[in-house]
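Note that these values count all heavy atoms, side chains included, but never hydrogens, waters or copies made by symmetry.
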Amino acid sequence: MTVDEIVRRVSERSRRLASGLPVATPPLGSDFSLNGVASMPQVWRPASVLVPLVRREPGLTVLLTQRTEDMPSHAGQIAFPGGRRQAEDVDAIATALRETEEEVGLTRDFIEVIGTVDQYRTGTGYEITPIVGMVTPGFTPRADPREVADVFEVPLAHFLDERNHRIDSRVWQGRERRYYAMPYGERYIWGATAGMLKNLHFILTAGA
């Protein structure tokens with residue numbers, strides 16, 4: 001898949017979502033999609049993440065972070081840069097760009113936002129808006145040591161190959177929870193991050 005085709009598909013999805021036009025339903029809407037959990041949070045806290053697609057040779061990569069082990073939630077997990085919306089953020093894009101700069105030192109002058117895609121709700125009560133952006137090489141990652149233990153990249157082709165998608169499970173709060181996982185080498189990419197990548201795979205390969 002070419003970069004132009006990726007931009008076209010994400011931009012079109014974003015346009016249709018913003019206009020309220022019908023779109024094909026993505027595989028996952030939340031952490032609850034693969035689990036028959038009856039009770040969900042009554043109030044969702046807005047958050048945004050950047051899905052950074054870095055223009056590398058020979059192909060695009062996805063920039064990801066590994067959270068520090070002492071974080072109060074999702075400690076040690078692999079995530080997109082992003083976080084909770086703050087009062088000063090004018091919209092979801094502003095949240096994603098601000099958080100990305102704070103967490104990994106990637107400034108907005110290296111980022112071309114190409115679209116806002118389907119929201120994803122987490123078991124911890126966040127409603128996440130993924131913002132897809134094309135990233136120009138030349139930046140130097142600078143991880144915030146309070147939140148980010150590592151910054152790394154994975155070829156986008158890994159996530160577009162459905163053979164790398166699997167459903168795993170573990171016991172959480174006394175019951176079995178099923179979730180997508182897309183391991184890459186020693187990196188265990190799972191949960192909400194894998195769920196949003198599953199939706200991106202759908203948008204780029206099948207979704208309208």
Side-chain angles (χ1 to χ4, degrees), residues 1-34 44-56 59-65 78-85 89-100 106 108 110-122 126-136 153-167 179-182 184 189-208:
M1 176 174 289
T2 67
V3 172
D4 286 347
E5 180 66 7
I6 289 170
V7 171
R8 186 192 69 78
R9 283 179 173 264
V10 171
S11 298
E12 177 62 12
R13 182 80 174 190
S14 181
R15 185 189 70 80
R16 295 181 71 87
L17 288 170
S19 302
L21 296 172
V23 294
T25 303
L28 298 174
S30 73
D31 284 344
F32 307 100
S33 296
L34 296 178
W44 299 96
R45 293 169 288 177
S48 298
V49 298
L50 183 71
V51 182
L53 305 181
V54 187
R55 296 178 183 268
R56 302 286 190 194
L60 294 174
T61 64
V62 182
L63 185 144
L64 294 163
T65 71
I78 291 171
F80 294 115
R84 188 172 181 176
R85 184 169 180 173
D89 297 331
V90 297
D91 55 19
I93 293 174
T95 300
L97 294 177
R98 174 184 56 76
E99 288 281 346
T100 298
L106 174 56
R108 58 196 68 200
F110 285 95
I111 304 167
E112 176 192 358
V113 172
I114 60 173
T116 300
V117 293
D118 305 77
Q119 291 181 327
Y120 186 97
R121 289 176 168 179
T122 71
Y126 285 99
E127 185 173 66
I128 302 174
T129 302
I131 310 297
V132 182
M134 288 291 179
V135 179
T136 301
E153 297 175 28
V154 175
L156 176 63
H158 174 77
F159 301 118
L160 295 184
D161 186 344
E162 205 160 11
R163 293 172 297 181
N164 297 321
H165 303 182
R166 73 189 201 203
I167 295 177
Y179 54 84
Y180 271 99
M182 303 178 185
Y184 181 74
I189 303 163
W190 69 287
T193 302
M196 287 182 275
L197 285 165
K198 181 68 176 177
N199 288 347
L200 181 64
H201 167 270
F202 173 78
I203 293 166
L204 296 182
T205 60

Legend entry - Worked check of side-chain contact (heavy atoms from CB on, under 4.5 Å) between Glu162 and Lys198: CA-CA 9 Å; Glu162 205 160 11; Lys198 181 68 176 177; 3.1 Å; yes
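- Under the 4.5 Å side-chain criterion, counting only non-hydrogen atoms from C-beta, Tyr120 is not in contact with Pro26.
- Residues Pro52 and Val135 come closest through the heavy atom pair CB-CG2, 3.7 Å.
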Inset, instruction - Please report the C-alpha distance between Ile6 and Val132 in whole Å, then the side-chain angles of each, then the deciding distance to 0.1 Å, and finally whether the side-chain contact (heavy atoms from CB on, under 4.5 Å) criterion is met. - result: CA-CA 10 Å; Ile6 289 170; Val132 182; 5.8 Å; no
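- In this structure, Thr100 contributes its side chain and Ala96 its backbone to a donor-acceptor pair below 3.5 Å.
- In this structure a side-chain-to-backbone donor-acceptor pair under 3.5 Å is present from Thr193 to Ile78.
- Heavy-atom minimum distance, Thr95 versus Arg84: CG2-O, 3.8 Å.
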Legend entry - Stepwise salt bridge (charged side-chain N to carboxylate O under 4.0 Å, His left out) check, Arg85 with Glu99: CA-CA 9 Å; Arg85 184 169 180 173; Glu99 288 281 346; over 6 Å; no
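- Using a 4.5 Å cut-off on side-chain heavy atoms (C-beta onward), Leu197 and Met182 make contact.
- A 4.5 Å side-chain heavy-atom check between Ile111 and Met134 finds every atom pair outside the cut-off.
- Remark: side-chain polar atoms of Ser30 are paired, donor with acceptor, to backbone N or O of Phe32 under 3.5 angstrom.
- A salt bridge links Arg8 with Glu5: at least one charged nitrogen is closer than 4.0 Å to a carboxylate oxygen.
- Here CG of Asn199 is found 9.5 Å from OH of Tyr180. Values are rounded to the nearest 0.5 Å.
- Taking CG of Leu204 as the reference point, atom CZ of Arg13 lies at 10.5 Å (rounded to 0.5 Å).
- The NE2 atom of His165 sits 7.5 Å away from the NE2 atom of His158 when rounded to the nearest 0.5 Å.
- The CG atom of Leu200 sits 6.5 Å away from the CG atom of Leu53 when rounded to the nearest 0.5 Å.
- A donor-acceptor pair under 3.5 Å links the side-chain atoms of Ser11 to the main chain of Ile114, judged by distance alone.
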Legend entry - Residue pair Asp31, Tyr179: steps toward the side-chain contact (heavy atoms from CB on, under 4.5 Å) verdict: CA-CA 7 Å; Asp31 284 344; Tyr179 54 84; over 6 Å; no
Legend entry - Ile203/Asp118 under side-chain contact (heavy atoms from CB on, under 4.5 Å): CA gap, chis, key distance, verdict: CA-CA 10 Å; Ile203 293 166; Asp118 305 77; 3.6 Å; yes
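- Between Leu160 and His201, the shortest heavy-atom distance links the atoms O-CD2, 3.3 Å.
- Nearest approach of Thr129 to Val117, heavy atoms of both residues: CG2-O, 4.4 Å.
- Shown here are the side-chain contact (heavy atoms from CB on, under 4.5 Å) partners of Ala157, two or more places apart in sequence or in another chain: there are none.
- How far CZ of Arg121 is from CD1 of Ile128: 11.5 Å, rounded to the nearest 0.5 Å.
- Of all heavy-atom pairs spanning Gly195 and Leu28, the tightest one is CA-CD1, 3.5 Å.
- Leu50 CG to Arg98 CZ: the interatomic distance, rounded to the nearest 0.5 Å, is 13.0 Å.
- At least one donor-acceptor pair under 3.5 Å links the side chain of Thr65 to the backbone N or O of Ala79.
- Of all heavy-atom pairs between Thr122 and Trp44, the closest is O-CZ3, 3.3 Å.
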